[in-house]
Structures are given as structure tokens and as C-alpha cells.
Amino acid sequence: MSGTGVNLGALAEFNVAVVLDAIRRHPSGVTRTGISELTALSGMTVSNVCRRLVEAGLVIEEAAPARGRGKPPKILTLNRDGGFAVGVHIDPAVITYALIDLSGRVRERIRTATPTVQDAERVVREMAAMLDALLLTAEIDRGRVLGLGVASPGPIDPRTGVVLNPPMLPGWHRVELRSALHLATGLPVLIEKDATAAVVSELWFSEPGERRNFAFLYYGTGFATGVALGGAAVRGVSSNAGDTAHIPVDPAGLTCDCGRRGCVGVVTAPRTLVAEAVRAGVLTERQAGDTTDSLQVGSAFGLLADAADAGIPAAVEILTVASQQIARALVVVVNLLDVGEVVFGGPFWSRIAPVARTVLPEAVRTDPGLVVPHGIRFSESSIPGDVAAVGAATLVLDNAFSPRPEALRIGTTGESAGRFSVPFSTP
């Protein structure tokens, strides 16, 4: 039976990840004995791993305050400054850069307009220059950066680092983004779909057992859904799971590029809602600008959201209908995956949220097509605007430090093949 033995060479690295994850999840500190109890690892293994983590500068070990007689125990805490990760989210309108420390705290972020999105080489040059600016502003030495994570519209091939032919990035056909960025920056590079990167971020920042089965609705220039089942991001065979933009929700709606009518990705797209706002008299054509220009669409969508916030009926109606259409798509997702929670986020979510929060949950619960017998929790990402960029950076930490049992199997292929090594020799 192939693939069932234990990869002994990976066992030490796995134990390091287990110990580091336990320390990370106890920000107030934990003793070596406490780690043994949490992880079921032997005291000797924990001591060896902790010594290595301290020597590598990833963990700080200090004596606890004295309380009564006896030598106080030593407390281990994560050294936030022990390493950093950079995340980049490529959007047709803007590119967002986020620098996070080992605890996942955002230390610096930059947003720039996407330069001539059709020119992939120019985008790569811009990204490399902005990475330098990010590290300079944060006063972080490049040698302390563990890697660069990139969240991109799909479809992608994360094993080869190739962006295949994403509809949201016209002109990008089989762009070898990972190798180009590695050559430009000298850093290890990971590539993930933007909605999946958002899921990884939500899992990383949640408490153990708090959030394990959920759908992440990503609302930006495009529409996508990331999924977590059993506490792990669902990627699929080619790591392109979650393309829900082609779920039909309006039989009389616009014709999608796929040839169907009323796909949720086209009828709720910001550019579509801006065009509806012009027809309804909410916006002038001058305010709407060029609806094929992502930057102008973003500005006009903000004006539409402002009008809805001001209570202008036509604007409220446009966002209400869009929320109801999103709800129809979510019913399909919830029925298919049987998740108990839906998390909302993405660059444009905050603008539609005031209306969507009042419309969408009830629309899902009362939809006659909903078949799951349980209640559904609706929540918002703790990092709604830059969730994909932060998620991309989190990919680096998750890839390097999160324990993955599948990596222990002999002959394992897939995600583990692209993992970063913990940055020191394991015991």
C-alpha cells in the first residue's frame, strides 16, 4: 500500500511546527510542561524543539514573575520580530501589499493603482519596487523576510507558479509569475487564489476550534467563494476551487461571458451596479466614467454606496437587489457544502455591507431552496479591505509553521511539496 508509511525525515520538522503553533496560540506565554500537555509530545522532544526555536530567534523564553518559594518556571512566547512575511494581492484596480510579523500582526501596508494591467512584466517590476519601498518604510531587513505570498485572480497553477488565463486580468496568459517575482525579489514565492488566501487568513487568526467549516464570500472586482472544511482550506485538484461566479441567479439578467444569463458574478459586479445607477438616475454618466476602467468603477461604486447610505431609494434598491442575488448563490453554496457559517469580505464588501447585512441573511434563511436543517451564522472578516493581501502573507507563515499530518506520509504529493522549510536545522 503506497503512501501510508511515515516519512521520518519530516517528523522533526512536523514536531517543530506543532510546538511553534502551540506557542503562537498562547500569546500570554506557555511553559514547556504546558506545551507537552497541549501537544502530547514528550518533555525531551519539547525541550529540544524549544531550544532550537529560541536559538533561531523565533521564540523568547523568560522566567515568569516569582510567586512564593521555588524557582519560577520559564515562559515561552512568540518573538514577533523573529521573522516577517509579505503578501501581495493583485486586483485589476489596485495592488495591495501587506507586511506581517510572526504573530500575524500587520506592520505596514501600501496600496497602489495597478499599472497597465495587460502588461504583466510591468506589473512584476512595479511589485518588486513596491516591496523594496514597503521594507524601507517598515525598517525591516530583507534577510528577515521568510517569503512572499501572492493572491491572484484564478485560474492559477500554484505548483508551477503560473497564472493561467484569468478573466479579471486581460492579457495574462500563462504568466510565470512565481519565477518572475523570485528573480525580481530573491524571495521564495507562493501563489494562491485570492479567495483561498482569504480563507487561510481567517483560519490562521481564529481560535482553535472556533471556525472550521465556513464559506468565505469574496466581493471585489470579481466574485468568488473560498471554502474551509474541517479546519483546512479547500483547494481542489488544481487549487482552483471556489469559482462560484457562474451560478445563475437571474434568468432575465445580463448575458455572462460564459454564455449563460444572470450569473451572479456579472449581475452583482460593481461595474454592472454602476451602470444600473446611471440608468436609474442615481449617477450621471460623468460620475460613472468608463465602466471598463477598474479604477473609475471603484470610484463610481463608492458614490453609489454613499447614495444608498444617504437613503436615496433608487440606490438602496440597486444594492438590495444585488444582495438578494448574492443570497441565491449562497444558498447553492450552503446546500452543496453544508457549512454553518458564511464570512464576508473583499475590497468592495464594506461599501455594500450596510445594505447587505440587513437583506442577505434573511434572504438566505427564507429561500425555499435552502435544504440544510441547521442555522447559518453570518459574519464579517476581521480584515475586510485587505483580507487577500494579509491572507497572502499568512500563506507564508502557514506554509512554514502550521503542522500538516499529510506531510509525514511517504510519497506525499500536493501541498506539502511546496512547503517552506522552518529556517533552522531541526533536531
Side-chain angles (χ1 to χ4, degrees), residues 17 20-21 24-25 27 58 78-91 94-112 124 126-153 156 158 161 177-178 181-182 184-206 216 218 220 226 228 233 235 239 343 345-347 381-402 415 418-423:
L20 191 61
D21 191 61
R24 177 180 73 84
R25 294 186 180 277
L58 299 177
L78 196 68
N79 179 11
R80 291 183 172 182
D81 295 330
F84 298 86
V86 176
V88 181
H89 175 214
I90 304 174
D91 183 86
V94 296
I95 298 182
T96 306
Y97 306 80
L99 174 74
I100 67 175
D101 60 27
L102 282 189
S103 71
R105 183 165 62 98
V106 178
R107 301 289 283 267
E108 195 67 52
R109 67 183 87 198
I110 299 176
R111 304 187 82 190
T112 64
V124 169
E126 173 79 5
M127 290 168 66
M130 293 310 301
L131 173 63
D132 290 337
L134 184 75
L135 298 179
L136 182 64
T137 302
E139 299 181 342
I140 300 298
D141 184 87
R142 184 184 293 266
R144 297 164 68 192
V145 178
L146 300 174
L148 171 66
V150 180
S152 168
I156 62 171
L177 186 60
R178 185 170 67 197
L181 280 173
H182 175 65
T185 66
L187 294 172
V189 179
L190 290 171
I191 295 180
E192 190 74 86
K193 275 189 64 176
D194 41 20
T196 305
V199 168
V200 171
S201 180
E202 294 296 326
L203 290 170
W204 181 268
F205 288 109
S206 64
F216 187 100
Y218 182 89
R235 291 177 167 86
S239 294
V343 183
S381 171
S382 57
I383 39 178
D386 298 332
V387 63
V390 175
T394 306
L395 284 171
V396 175
L397 303 186
D398 180 70
N399 193 274
F401 300 130
S402 288
E415 291 179 270
R419 284 175 61 82
F420 294 163
S421 297
V422 177

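Everything quoted here is computed from the prediction, not taken from an experiment. Only heavy atoms go into these numbers, but all of them, side chains included; no hydrogens, no water, no symmetry mates.
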Is the closest basic N to carboxylate O distance between D141 and R144 below 4.0 Å? no

Contact check, side chains of V150 and I90, non-hydrogen atoms, under 4.5 Å: yes

Any donor-acceptor pair under 3.5 Å from T196 side chain to E192 backbone: no

For residues S201 and F216, determine if any side-chain heavy atom of one lies less than 4.5 Å from a side-chain heavy atom of the other. no

Going by the rule salt bridge (charged side-chain N to carboxylate O under 4.0 Å, His left out), which residues pair with R80 if we only count those two or more places apart in sequence or in a different chain? none

As an exercise, state the distance from CZ of R24 to CG of L20, rounded to the nearest 0.5 Å. 8.0 Å

If you apply the rule side chain to side chain contact (heavy atoms under 4.5 Å, CB included), what do you find for L148 with L190, and how did you get there? CA-CA 6 Å; L148 171 66; L190 290 171; over 6 Å; no

When you measure from the side chain of D101 to the backbone N and O of R105, does any donor-acceptor pair fall under 3.5 Å? yes

Between W204 and D398, which heavy-atom pair has the shortest distance, and what is it? CZ3-CA, 3.5 Å

Run N79 and L58 through side chain to side chain contact (heavy atoms under 4.5 Å, CB included) and show every step you take. CA-CA 5 Å; N79 179 11; L58 299 177; 5.8 Å; no

Closest approach of A392 to A151 (non-hydrogen atoms, all atoms of both residues): CB-N, 3.7 Å

Just so I know, are the side chains of T394 and V390 near enough to count as touching, which here means a heavy-atom distance under 4.5 Å? yes

Hey, is the main chain of P158 close enough, under 3.5 Å, to the side chain of R178 for a donor-acceptor pair? yes

Tell me, do F84 and I100 make a side-chain contact under 4.5 Å, heavy atoms counted? no

Compare every heavy atom of Y218 with every heavy atom of A195, then report the nearest pair and how far apart it is. CB-CB, 4.1 Å

Taking side chain as C-beta onward, heavy atoms only, is S152 less than 4.5 Å from H89? no

Just wondering, do D91 and T96 contact through their side chains at under 4.5 Å, heavy atoms? no

Using a 3.5 Å cut-off and no angle test, enumerate the donor-acceptor pairs between side-chain atoms of residues 128-139 and protein atoms at least two apart in sequence or in another chain.
unit_1: D132; atom_1: OD1; unit_2: R142; atom_2: NH2; d: 2.1
unit_1: T137; atom_1: OG1; unit_2: A133; atom_2: O; d: 2.8

For residues 193-206, the salt bridge (charged side-chain N to carboxylate O under 4.0 Å, His left out) pairs (sequence neighbours left out) are E202-R211

The reported gap from CD1 in I110 to CG in D386 (rounded to nearest 0.5 angstrom) is 11.5 Å

Heavy-atom check, side chain of R235 versus side chain of V200, under 4.5 Å: yes

When you compare the side chain of Y97 with that of M127, does any pair of heavy atoms fall below 4.5 Å? yes

Using side chain to side chain contact (heavy atoms under 4.5 Å, CB included) as the criterion, point out the one residue from L181, V396, L177 that pairs with V189. L181

